[in-house]
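Inspection log for the structure reproduced underneath, given as structure tokens.
Throughout, a chain's letter reflects where its sequence line sits, starting with A, and its residues are numbered from 1. Only heavy atoms go into these numbers, but all of them, side chains included; no hydrogens, no water, no symmetry mates.
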Amino acid sequence: MEVRTRFAPSPTGYMHIGNLRTALYAYLHARRNEGTFILRIEDTDQARLVEDSVKVIYESLAVTGLEHDEGPDKGGDFGPYVQSARLPLYREYAQKLLAGGHAYRCFCDKTEKQEEPGEEHDAPILGYDGRCGRLSEAEVQANLAKGMPFVIRQRIDKEGSTSFKDFIYGDIVVENKQLDDQILLKRDGFPTYNFANVVDDHLMGISHVMRGCEYISSTPKYILLYRAFGWDIPEHIHLPHILGPSGKKLSKREGSVALGDFLNRGYLPEAILNYIALLGWNPGTEQEFFTKADLIAKFDIARIGKAPAMFDETKLTWLNAQHIKALPPEKAHELFLKFYPAAITAGFDAKKLSGYIQGKVEKLSDLPQMTAFLAALDDNYSAELFVHAKNKTTRESCKAALADLQELLSGLGSWDYAAILAAVKGYAEAKGAKLGPVMWPLRIAISGQAVTPTGAVEIAELLGKPETLRRISGAIAKL
RNA sequence: GCCCUCUUCGUCUAGCGGUUAGGACGCUGCCCUUUCAAGGCAGAGAUCACGGGUUCGAAUCCCGUAGAGGGCGCCA
């Protein structure tokens, strides 16, 4: 059977990282099995429509390379791919349910949950009592004649139980009395997720329904719907949640959750994909670094886990550094260019700089701060930095070394890495010293900091002779 | 409140009846005669949530308990 998976986000205005993982898994499963990956927009909540948010979805999929084969912008044989454009379809299928006695019109007042200010109102919310389901045909007709607004609810026989086999979680059994007569078609004529999802997944030929495990509890209701229609039930694959640092579902309150945030903060799309792929899935080998192509080759839904996973930005950062390191130098430079401040690109050999620091960049957004000292030395650095136990340096030893270095370097004919290194090395050897005691003061003098993104010689080279000498003089004065 | 699910180092995880419980991030130390970092190596870190079974033998199978997460919307 052909594998057809779908990613069905609602247009909320941003791409949640948890949703992105769902999209990734659905994409990978489709690609792995030479199937089809479909994008469907679930915009059935008219009250929550966010302007332009469909664009965010397209951009997110494009930047991460999760290309869909069918969708609103790509077309396909199962469209339309936007739920608001499928209203007649839902109406038609709701009618079928009505005709078969699997649904009924409900004329009750709205019972929607209020957005409560003081959250902890966890008063038990009882499901609908089903009273309209017991209305006689005459009563229904009378209400209709009066023009009373109504919704269509699923009629669920409260006897017995309903079960399904989840691919990850195994057999799930729920007693029918736990199942609410959920609303299928809202008063405004739009379907609820609960209805549209089932109808669309069937009509679009979805073979594997992949979604977050918050839907496990309501899946039996969907199963009942499939049965009422006499449809085959697709494979259900519920995914464990991604948790925030507090152990709750990842949410905006606890920092970044949107793909865009991570992109802005200098994470590479491939690193993000790599990291979230590993949240809930593993290859069964010890490989952790994956390109998208690797993931397609190795992804297997059989190795998705059950336990929720906490999102750990530290590990994402490490993975990001790995991906940056693996970039071809030209590509890395191209990306760095977008983050370098103007002072760097204007005043330095940025390409050379990129080459020197590529192995040390964790996030692209670190670049401005990492390179700031090149453009402008902060003269207020502490002279105490020169004192370093391991290199056996003191203020006095540094001052002496810098004085010698200044003379030596000012006499240097050519100013490049090899020449500078040779000069410094020669000096250290002549003094019978190791390189450390000489390099250390040089580094401090020309960078004003103990930690630099590249070595002292590279820095001197980038700075140029006049500036290097100027900074050395400044350091001598300070000492 | 009712229902569903989950539970191996701080974190992500391997494990599917017999392992010194493996790897990764992070942490610590050492090495690399350019600091820090990167890289290499080493180390600390898990009574496998707890309690009962089954079994010659259980992290692995069964039953309870606890904790955590999720669901119970005219939201998805």
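Across all strands, R211(A) comes closer than 4.0 Å to no nucleic acid atom at all (heavy-atom distances). Among the protein residues, L421(A) comes within range of the nucleic acid bases, having at least one heavy atom under 4.0 Å from a base atom. At the heavy-atom level, A309(A) lies under 4.0 Å from the strands shown only through sugar-phosphate atoms. In this structure, T454(A) reaches the bases: a heavy-atom distance under 4.0 Å links it to at least one base atom across the strands shown. Within 4.0 Å of W318(A), counting heavy atoms only, lie sugar-phosphate atoms of the nucleic acid but no base atom. Heavy atoms of T314(A) sit under 4.0 angstrom from primed sugar atoms or phosphate atoms, though from no base atom. Within the nucleic acid shown, Q322(A) comes within 4.0 Å of sugar-phosphate atoms alone, with no base atom in reach, counting heavy atoms only. Residue-level contact check: G305(A) touches neither bases nor backbone, having no heavy atom under 4.0 Å from any strand. The residue Y417(A) sits close to a base: some heavy atom pair falls under 4.0 Å. Residue contacts shown for N197(A) are absent, as no nucleic acid heavy atom lies under 4.0 Å away. At a threshold of 4.0 angstrom between heavy atoms, the contacts of G247(A) are confined to the sugar-phosphate backbone, with no base atom among them. Across all strands shown, K306(A) has heavy atoms under 4.0 Å from sugar-phosphate atoms exclusively, and none from any base. When heavy atoms are screened at a 4.0 angstrom cut-off, T12(A) is found touching no nucleic acid atom at all.
To the nearest angstrom, P of A76(B) lies 14 Å from CD1 of I57(A). Taking atom CZ of F167(A) as the reference point, atom P of U5(B) lies 18 Å away to the nearest angstrom. Taking atom CG on D109(A) and atom P on G73(B), their separation rounds to 16 Å, with Å as the unit. Distance NZ (K315(A)) to P (C27(B)): 14 Å, rounded to an integer number of Å. A76(B) atom C1' lies 13 Å from atom CG of D201(A), rounded to whole Å. Distance Y356(A) OH to C36(B) C1': 18 Å, rounded to the nearest Å. For the pair H238(A) NE2 and G71(B) P, the computed distance is 12 Å after rounding to whole Å. Taking atom NZ of residue K221(A) and atom P of nucleotide A76(B), one finds them 13 Å apart after rounding to whole Å.
The base of G70(B) lies close enough to the side chain of S217(A) for a donor and an acceptor atom to sit less than 3.5 Å apart.
Note that SG of C398(A) and CD1 of I476(A) are 11.0 Å apart. Values are rounded to the nearest 0.5 Å.
Side-chain proximity of E214(A) to G71(B), U34(B), U33(B): nearest is G71(B). Among the nucleotides A24(B), G39(B), C74(B), the one closest to the side chain of K325(A) is G39(B). Considering only side-chain atoms of P308(A), the nucleotide from C6(B), U34(B), A37(B) that sits closest is C6(B). When the nucleotides A76(B), C12(B), C74(B) are ranked by their closest atom to the side chain of Y215(A), A76(B) comes out on top. Comparing G23(B), U34(B), G71(B) by their closest approach to the side chain of K249(A) singles out G71(B). Proximity note for R303(A) (side chain, C-beta onward) versus G70(B), C74(B), G15(B): the nearest is G15(B).
A salt bridge links E313(A) with R265(A): the closest approach of a Lys/Arg side-chain nitrogen to an acidic carboxylate oxygen falls below 4.0 angstrom. Of the charged side-chain nitrogens involved, at least one lies within less than 4.0 Å of a carboxylate oxygen, so that R40(A) and E42(A) count as a salt-bridged pair.
The pairing partner recorded for C2(B) is G71(B), the criterion being a Watson-Crick or G-U wobble arrangement whose two distances lie under 3.5 angstrom. If you check G43(B) for Watson-Crick or wobble pairing at under 3.5 angstrom, you find it paired to C27(B). Nucleotide C48(B) has no partner under the Watson-Crick or G-U criteria, as no pair reaches both atom distances under 3.5 Å. Nucleotide U7(B) forms a pair with A66(B), judged by Watson-Crick or G-U wobble geometry with both contacts under 3.5 Å. Base-pair partner of U33(B): not found among the strands shown (Watson-Crick or G-U wobble, both distances under 3.5 Å). Across the strands present, A14(B) finds no partner; the criterion is a Watson-Crick or G-U wobble pair with both atom distances under 3.5 angstrom.
Taking atom C1' in both C9(B) and U28(B), the straight-line distance is 15 Å, to the nearest Å. Atom P of C30(B) sits at a distance of 30 Å from the matching atom of A21(B), rounded to the whole Å. Comparing the same atom, C1', in C16(B) and in A58(B) gives a spacing of 12 Å after rounding to whole Å. Comparing G15(B) with C48(B), their C1' atoms are spaced 10 Å from each other, to the whole Å. Here the separation of G10(B) from C72(B), taken at their C1' atoms, is 34 Å to the nearest Å.
One side chain, Q287(A) or K298(A), offers a donor N or O that lies under 3.5 Å from an acceptor on the other. Looking at H241(A) and E214(A), their side chains do bring a donor and an acceptor atom within 3.5 Å of each other.
Using cut-offs of 30° and 60° for the angle between ring planes, the F311(A) and Y275(A) rings count as perpendicular.
OP1 or OP2 of U13(B) has not a single side-chain nitrogen or oxygen of N282(A) nearer than 4.0 Å. Note on T285(A): every side-chain N or O is 4.0 Å or more away from OP1 and OP2 of G23(B).
A distance-only check finds no donor-acceptor pair linking the side chain of Y417(A) to the backbone of E461(A) [under 3.5 Å]. With hydrogens and angles ignored, the 3.5 Å screen pairs a side-chain donor or acceptor of T5(A) with a backbone N or O of A26(A).
Every residue two or more places apart in sequence or in another chain that forms a ring-ring contact (aromatic ring centres under 6.0 Å, His included) with H202(A) is listed here: W231(A). Residues forming a ring-ring contact (aromatic ring centres under 6.0 Å, His included) with H208(A) (at least two apart in sequence, or on another chain): H29(A). For W440(A), the ring-ring contact (aromatic ring centres under 6.0 Å, His included) test picks out H388(A), with sequence neighbours left out.
Checked against the 6.0 Å centroid criterion, the rings of F289(A) and H323(A) qualify as a close aromatic pair.
Checking D45(A) against A307(A), the closest nucleotide of RNA chain B that is more toward the 5' end is the one next to A307(A). For K186(A) and K248(A), each mapped to the nucleotide of RNA chain B holding its nearest heavy atom, the one lying further toward the 5' end belongs to K248(A).
Pairs passing the ring pair (Phe, Tyr, Trp, His ring centres under 6.0 Å) check and including a residue from residues 167-187 of chain A, sequence neighbours excluded, do not occur.
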Show, in sequence, the C-alpha distance, side-chain angles and deciding distance for E458(A) and K352(A), and conclude whether the salt bridge (Lys or Arg N to Asp or Glu O under 4.0 Å) test is met.
CA-CA 9 Å; E458(A) 290 93 325; K352(A) 189 165 262 178; over 6 Å; no

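Contacts between residues 169-178 of chain A and RNA chain B, counted as heavy-atom distances below 4.0 Å, involve Y169(A), I172(A), V173(A), Q178(A).
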Could you run down the sub-3.5 Å N/O contacts of the protein with nucleotides 44-48 of chain B?
none

